[in-house]
Amino acid sequence: MFVKHGMNSGFSSLASSAVLRRQQFLIRSLKGYSVSDKIRMEAVKCLSGGASLEANAESVLRAITPSLDPTRHKGQAGKIAVVGGCREYTGAPYFAAISALKIGADLSHVFCTEGAATVIKSYSPELIVHPILEESYNISGVNDEGKRDISKKILSEFDKWMERFDCLVVGPGLGRDPFLLECVSQIMTRARQSNVPIVVDGDGLFLVTNSIELVSGYRLAVLTPNVIEYKRLVQKVLGCDVNDQNTHGELLSLSKQIGGVTILRKGKSDLISDGEKVQSVSIYGSPRRCGGQGDILSGSVAVFLSWARQCNLAAERESTISRTNPTVLGCIAGSALLRKAAALAFEHKKRSTLTTDIIEHLGQSLEAISPVS
């Protein structure tokens, strides 16, 4: 597993040259051909918004997307787990998990309730589905001690897989059942202890807003709120209403207050901050606002975050990109790719564009920016 435990020897030699080539390309595209420390740091400054608020998203995508190479084995391009899916919501976890695969992750898992598992499995044989979560209605006759035993069993089952994952996506289709949310809280705590990155979306944001300590101070956490979810976060954490006249300052304050957690505020322009700076991605997407696009985004960010961390670990001696927060790079790349895929899908389907159409254009959109080599 390349994120948590480094890379095996076969991958190290491959990564050392390929990653450096991508980083050097990024530096040249931003600041010219000098490789002095001063110029390298200026390139990072430009990338991260020091010189301009708008992120150079295409350069980020090219820099962190790994090349396809026959010497690599299954799993080295990423193993993503989505925690979500209940009786009412089966589409969201599918969208997040399948998007991760369409972008280039090797394996995608879904941890959901038994009532959602069969449905999600029927959508695609590509996903690995684990029906381990429980909702209150299934255990209504169980006493408190029995519920604790069930909770321990769920956590134990998840622990068997935890060390394999490069990133968790928590929230798509999760629902708000109290017992289920309590179990997911324990899963998030365990992931944090294991240093596994966490992307939080959907009902995961409802959970985090009411239990901010789950992510507070965890630099490998990403929150992806929409307008309503962002409003709740601001009210809970900052104790005030959203100030549309100071969007950048407010986002900086919010991220800092939660301890440097990266926040991707979705909107006409996506705003991204880790408490150090604010960057935006304003690439035009689609006027079609069908549900499920946020799920694509969460799955995409998970993959790109994992790839950005891979670049960092493979190039510790070449400090250019490693000094840029991988969660920020993942957000920039995920936002840009979703917008490009949405634009391409709308070009073909117009008003009838659906989330599944956008997903089908993810690979083509990435290929246009970072061709297979």
Side-chain angles (χ1 to χ4, degrees), residues 79-102 105 107-124 126-138 151 154-155 157-158 161-162 164-192 196-211 214-215 221-226 228-229 264 266 291-303 305-306 334 338 355-356 359:
K79 300 177 288 295
I80 307 301
V82 177
V83 181
C86 60
R87 280 190 307 174
E88 290 85 357
Y89 307 116
T90 58
Y94 165 76
F95 291 149
I98 202 68
S99 295
L101 288 179
K102 289 286 187 177
L107 295 167
S108 194
H109 298 247
V110 177
F111 291 82
C112 60
T113 67
E114 186 174 357
T118 302
V119 179
I120 295 172
K121 287 179 180 180
S122 73
Y123 294 151
S124 173
E126 305 288 347
L127 305 179
I128 304 169
V129 182
H130 309 263
I132 68 169
L133 302 181
E134 289 283 3
E135 294 179 89
S136 298
Y137 78 92
N138 265 345
S151 181
I154 291 171
L155 189 60
E157 197 64 32
F158 194 89
W161 295 89
M162 179 76 79
R164 308 184 190 196
F165 299 136
D166 302 308
C167 190
L168 299 188
V169 180
V170 176
L174 186 63
R176 298 184 179 181
D177 178 83
F179 181 78
L180 190 153
L181 291 181
E182 176 58 33
C183 292
V184 172
S185 295
Q186 295 177 43
I187 288 173
M188 291 180 67
T189 299
R190 192 62 58 87
R192 181 171 179 169
V196 176
I198 307 171
V199 178
V200 185
D201 187 43
D203 289 320
L205 289 168
F206 173 81
L207 171 61
V208 164
T209 300
N210 290 288
S211 304
L214 288 172
V215 296
V222 175
L223 310 183
T224 61
N226 59 24
I228 301 300
E229 293 159 344
L264 192 167
K266 296 180 285 193
Q293 294 183 61
D295 304 310
I296 298 177
L297 179 64
S298 62
S300 302
V301 170
V303 176
L305 193 168
S306 300
L338 170 60
T355 299
T356 48
I359 290 171

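The first residue of the sequence shown is numbered 1, and numbering continues consecutively from there. Keep in mind that this is a model prediction, so the values were computed, not measured. Just the heavy atoms: all of them, side chains too, but no hydrogens, waters or symmetry mates, feed the values below.
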For [X] and [Y], which heavy atoms make the closest approach, and how far apart are they?
X: I187; Y: M162; answer: O-CE, 3.8 Å
X: V199; Y: C167; answer: CG2-SG, 3.8 Å
X: K102; Y: I359; answer: CG-CG2, 3.8 Å
X: A105; Y: V303; answer: CB-CG2, 4.0 Å
X: I120; Y: C112; answer: CD1-SG, 4.1 Å
X: L207; Y: S185; answer: CD1-OG, 3.3 Å

Side chain D166, main chain K79, donor-acceptor under 3.5 Å: yes
Short side-chain to backbone donor-acceptor contact, T224 and V200, under 3.5 Å: yes
Distance from [X] atom [atom1] to [Y] atom [atom2], nearest 0.5 Å?
X: E126; Y: L107; atom1: CD; atom2: CG; value: 10.5 Å
X: K266; Y: L297; atom1: NZ; atom2: CG; value: 6.0 Å
X: I80; Y: S306; atom1: CD1; atom2: OG; value: 4.0 Å
X: E229; Y: T209; atom1: CD; atom2: OG1; value: 8.0 Å

F206: side chain to side chain contact (heavy atoms under 4.5 Å, CB included) partners, not counting sequence neighbours: R176, L181, N210
D177: side chain to side chain contact (heavy atoms under 4.5 Å, CB included) partners, not counting sequence neighbours: E135, S136, F179, L180
Going by atom type alone, with no hydrogens or angles, which donor-acceptor pairs under 3.5 Å involve a side-chain atom of residues 83-101 and a protein atom two or more places apart or on another chain?
residue	atom	partner	partner atom	Å
T90	OG1	Y123	OH	2.8
S99	OG	F95	O	2.6

For Q186, the option from I154, L214, L155 that meets side-chain contact (heavy atoms from CB on, under 4.5 Å):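 So the option named by the test is L155.
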Partner of V82 by side-chain contact (heavy atoms from CB on, under 4.5 Å), out of D201, V170, V169, L174: V169
Going by side chain to side chain donor-acceptor pair (under 3.5 Å), name the residues that satisfy it together with [X], two or more places apart in sequence or in a different chain.
X: K121; answer: none
X: T189; answer: none
X: T355; answer: none

Parallel, tilted or perpendicular: ring planes of F111 versus W161, cut at 30 and 60 degrees: perpendicular
